[in-house]
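Heavy atoms only: backbone and side chains are in, while hydrogens, waters and symmetry mates are out. None of the values given here were measured: they were computed from a predicted structure.
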Amino acid sequence: MILVTGGAGQGKLSWALAHGGYPPEAASPRPEADAPVLTGLEALVGEALDRGEDPAALLPALLAKEYVLCREVGCGVVPIHPAERRWREEVGRLCCRLAREAAGVVRLWCGIPVWLKGGEGGCHTWS
C-alpha cells in the first residue's frame, strides 16, 4: 500500500491513477469497494467519529488497498471546536499508523510527488 498525502487540489488522485496505471473508475471513497485506490481518508475518519466508532478499525481495509489518499488536515490554524480538533488528531494518528505499515509514503506538492518512504528515491515528474 502507498499512502498519498497532500493539500486539496495538489494532484493526489491524478498521480495515484497514473502511477498505478489505473483508469478513473479504479478509485472510490468507500473502503468496501473493489477499487485499488481509496480517496478521502479524512472523510472516512470523520464518518467513523460521527458514528462513535474508532477510526483505527478502518486499518485492515485500508492496508488491503494499493493506494490510500488523504488530504493534509494537520497544517494551518488549529480548529476552535473540540470535535474538529479531535477529527484532525485522529486523521493524523491513522496516517501515522498507515505510514508505518506502508510500502511507500508520497506527499504531493504542486503536483510533484516527494517520496517520504520507499518508492522511487526522490522527486519525479509524472506527465
Side-chain angles (χ1 to χ4, degrees):
M1 185 272 299
I2 296 175
L3 175 61
V4 183
T5 187
Q10 297 298 309
K12 294 178 295 295
L13 179 57
S14 296
W15 181 85
L17 293 173
H19 189 261
Y22 294 117
E25 54 271 11
S28 173
R30 307 304 330 154
E32 66 276 4
D34 186 26
V37 180
L38 181 119
T39 61
L41 175 61
E42 72 284 351
L44 289 176
V45 170
E47 291 170 11
L49 291 172
D50 289 346
R51 292 189 303 269
E53 299 171 1
D54 182 359
L58 295 165
L59 197 60
L62 299 174
L63 291 171
K65 300 294 180 180
E66 291 189 39
Y67 296 86
V68 173
L69 283 53
C70 185
R71 181 174 51 90
E72 171 56 55
V73 298
C75 295
V77 178
V78 176
I80 196 165
H81 193 278
E84 291 177 14
R85 284 195 309 271
R86 179 164 183 232
W87 166 74
R88 183 170 142 157
E89 289 175 16
E90 292 295 337
V91 170
R93 286 188 183 113
L94 187 54
C95 282
C96 286
R97 291 184 71 181
L98 283 170
R100 278 194 296 272
E101 301 291 328
V105 179
V106 176
R107 181 169 192 240
L108 265 285
W109 187 257
C110 298
I112 299 170
V114 179
W115 287 90
L116 304 175
K117 176 181 179 183
E120 299 158 3
C123 299
H124 296 279
T125 58
W126 54 275
S127 24

Which pair of non-hydrogen atoms, one from L17 and one from P24, has the smallest distance, and what is that distance? CD1-CA, 3.8 Å
Distance-minimising heavy-atom pair for L3 and C95: CD2-O, 3.7 Å
Looking only at heavy atoms, the pair that brings A27 and L13 closest together is CB-CD1, 3.7 Å
Residue D34 excluded, over 12 heavy atoms near CG under 6.0 Å: no
Is there any salt bridge (Lys or Arg N to Asp or Glu O under 4.0 Å) pair reaching into residues 59-85, and which pairs are they, with sequence neighbours excluded? E42-R71
Using the salt bridge (Lys or Arg N to Asp or Glu O under 4.0 Å) rule, collect all pairs that involve residues 9-22, keeping only residues at least two apart or in two chains. none
Report the residues that fulfil side-chain contact (heavy atoms from CB on, under 4.5 Å) with R30, sequence neighbours left out, ordered by chain and then residue number. S28, E32, A33, L44, E47
Heavy-atom side-chain proximity of M1 to L62 below 4.5 angstrom: no
Side chain to side chain donor-acceptor pair (under 3.5 Å) with E89: which residues, sequence neighbours excluded? none
Applying salt bridge (Lys or Arg N to Asp or Glu O under 4.0 Å) as the test, list every pair that has at least one member in residues 52-63; sequence neighbours left out. R51-E53
In terms of heavy-atom contacts, P113 and L108 come closest through N-CD1, 3.9 Å
Report whether V73 and W109 are members of the same hydrophobic cluster (ILVMFWY, side-chain heavy atoms less than 4.5 Å apart, transitive linking). no
Smallest separation among heavy atoms of A99 and K117, with atom names: O-NZ, 2.7 Å
Could you walk me through whether L59 and L94 satisfy the side-chain contact (heavy atoms from CB on, under 4.5 Å) test, starting with their C-alpha distance in whole Å, then the side-chain angles of each, then the deciding distance to 0.1 Å, before giving a yes or no? CA-CA 8 Å; L59 197 60; L94 187 54; 4.0 Å; yes
State, with a plain yes or no, whether a side-chain heavy atom of R88 is found less than 4.5 Å away from one of V78. yes
For P31 versus A61, what's the shortest heavy-atom pair and its separation? CB-CB, 4.0 Å
Hey, what do you get for OG1 (T5) to CD (Q10), rounding to the nearest 0.5 Å? 10.0 Å
Residues that E90 engages under side chain to side chain donor-acceptor pair (under 3.5 Å), provided they are two or more places apart: R93
Got I2 and H19 here, is their nearest side-chain heavy-atom distance under 4.5 Å? yes
